[in-house]
K.L.:
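Right, I'll just put the structure down here and ask away after.
Residues take their numbers from the sequence shown, with the count starting at 1. As the structure is a computational prediction, the values presented were derived from the model and not from experiment. Just so you know, ligand 1 is whichever comes first in the structure, and atom 1 is the first atom listed for that ligand.
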Amino acid sequence: MDNYKENLDIACQKFRAILEKQLARVEDMKSQGDFTDYSKLDVIKIGVCGGDGIGPTITAEAEKVLKFILADLEDEGKVEFVTIDGLTIENRIEKGKAIPDDVMEKLKSCDVILKGPTTTPQKGDGMPNIESANVAMRKALDLFANIRPVKVPEEGINWVIFRENTEGGYAVGSSGFNVTEDLAVDFTITTKQGSDRIARLAYDYARKNNMGRVSLVTKANVIKTTDGNFLEDCHKVADLYPDIVTDEWYADIMTAKLVDKKRRRDFKVLLLPNLYGDIISDEAAEFQGGVGTAGCANIGKKYAMFEAIHGSAPRMVKEGRAIYADPCSMLRACVMLLNHIGYTDRGAKLERALDICSFEEKKITVTGRDTGATCSQFGEYVMQTLKNL
Ligand code: IPM
Ligand code: MG
């Protein structure tokens with residue numbers, strides 16, 4: 001490498017710019033206020049964006065059910081649904097932005113968002129290298145907690161995964177670079193403020209829901225600084241919750257223990273940095289019937305966004321199977337949305353209806369193919385079940 005010194009200088013400048021941005025983010029976190037109090041809002045604006053692939057199909061079904069549950073409040077003008085178009089891969093490529101400006105403006109005009117999965121370009125697929133819309137939205141709206149419940153009642157599984165959502169490998173996941181032809185780097189980031197705020201939310205949740213145990217999952221034995229700090233900051237929060245048992249796991253053994261039928265029912269709340277949370281939540285959802293059955297809440301101080309834990313499944317669309325997509329992930333996300341804005345009775349009702357339809361009565365099931373019910377047949381089934389509750 002002849003120009004290695006020059007490359008090194010360029011790399012150092014890029015690294016400096018990354019650090020400056022992250023330091024500014026730390027200052028932002030320090031100056032943030034409290035969580036939005038939805039009971040104080042005259043109108044709660046719910047933004048709905050369909051996304052890509054199977055996104056529009058399952059989001060439309062979830063919106064239908066949500067509107068059914070909130071019909072009286074919509075009539076009274078206490079909740080308002082806002083359709084947000086333009087969060088499609090075609091539009092994002094055309095505008096050259098993970099989230100086009102007009103879409104971002106609309107998102108920010110809402111209090112909570114119901115979002116369908118979006119397609120993420122990746123290296124080698126011929127699409128421009130734009131950041132994932134999910135990741136961009138989580139960062140732009142500072143949705144720092146990704147909460148992913150998983151339950152399999154007959155196995156005694158009731159886990160709630162608290163995935164840190166704005167840091168780790170995701171914070172600057174699109175800002176890695178090739179230093180030389182041979183050397184490439186990416187970065188992982190942990191801040192004291194970032195770890196503290198997700199840990200507080202997880203411990204609070206464990207206490208309020210009598211879950212009694214929080215398991216911290218890292219690879220602090222290898223990724224010593226960032227994972228090490230995450231662990232240390234979580235322990236500081238744990239000290240404030242002496243009523244809750246805290247234990248520590250490495251991410252690899254945790255993936256193994258989740259398939260251990262004797263041990264896995266002991267887990268309650270899992271608290272993890274971003275990337276481990278991403279991986280372990282897919283594994284966890286598989287026990288419940290697959291990622292198609294799992295929804296999540298992305299919570300920040302000012303905004304909150306609710307979505308499926310899975311991607312846009314372009315293959316299903318290509319094979320003409322979008323109509324057979326499972327709306328459960330988005331419907332579970334709606335449960336979390338209702339709870340978050342304070343309509344916990346309605347959230348509990350929808351959860352009950354979903355449990356009846358998915359685990360108990362199972363009059364119809366969605367298989368993702370023509371061997372099962374369509375997305376809208378299942379949505380209809382949930383609404384009929386709700387009427388009888
Ligand atoms: C998720 C998804 C996203 C993530 C992808 C689509 C970028 O897998 O929400 O878990 O990695 O966070
Ligand atoms: Mg994922």
K.L.:
Can you tell which part of I309 has a heavy atom less than 4.0 Å from ligand 1: side chain, backbone, both or neither?
P.N.:
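For I309, the contact with ligand 1 is made by the backbone alone.
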K.L.:
Flag the pair R197 / T166 as yes when at least one side-chain heavy-atom distance between them is below 4.5 Å, and no otherwise.
P.N.:
yes
K.L.:
Test your reading of the structure: does R138 have an N or O sitting under 3.5 Å from an N or O of ligand 1?
P.N.:
yes
K.L.:
Relative to ligand 1, is Q122 under 4.0 angstrom through side chain, backbone, both or neither, heavy atoms considered?
P.N.:
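The answer is neither; Q122 stays 4.0 Å or more away.
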K.L.:
Which ligand 1 atoms, with their elements, are less than 4.0 angstrom from a heavy-atom of Y170?
P.N.:
4 (C), 11 (O), 12 (O)
K.L.:
Determine whether the side chain, the backbone, both or neither of E131 has a heavy atom under 4.0 Å from any heavy atom of ligand 1.
P.N.:
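The answer is neither; E131 stays 4.0 Å or more away.
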K.L.:
I need the atoms of ligand 1 closer than 4.0 Å to a non-hydrogen atom of S132, numbered in the order shown.
P.N.:
7 (C)
K.L.:
Under a 4.0 Å N-O cut-off, is there an ion pair linking R207 with D243?
P.N.:
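Looking at D243 together with R207, the answer is yes, because their closest N to O distance falls below 4.0 Å.
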K.L.:
Decide yes or no for V185 and F15: does some side-chain heavy atom of the first lie under 4.5 Å from some side-chain heavy atom of the second?
P.N.:
no
K.L.:
For atom 10 (O) of ligand 1, grab the closest protein heavy atom and report residue, atom and distance to one decimal in Å.
P.N.:
D278 OD1, 2.8 Å
K.L.:
Test your reading of the structure: does N146 have an N or O sitting under 3.5 Å from an N or O of ligand 1?
P.N.:
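Among all N and O atoms of N146, none is under 3.5 Å from an N or O of ligand 1.
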K.L.:
Checking one value in my table: which N/O/S atom of D278 lies closest to the Mg ion (ligand 2)?
P.N.:
OD1
K.L.:
Find out whether R346 and L73 are in side-chain contact, i.e. whether some heavy atom of one side chain is under 4.5 Å from a heavy atom of the other.
P.N.:
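Yes, at least one pair of side-chain atoms sits under 4.5 Å.
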K.L.:
Quick one: do the Q13 and R16 side chains pair a donor with an acceptor below 3.5 Å?
P.N.:
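No, no side-chain donor-acceptor contact under 3.5 Å.
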K.L.:
Just checking, any donor-acceptor pair under 3.5 angstrom between side chains of Y241 and D204?
P.N.:
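Short answer, yes.
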K.L.:
R163 versus ligand 1: do any nitrogen or oxygen atoms come within less than 3.5 Å of each other?
P.N.:
yes
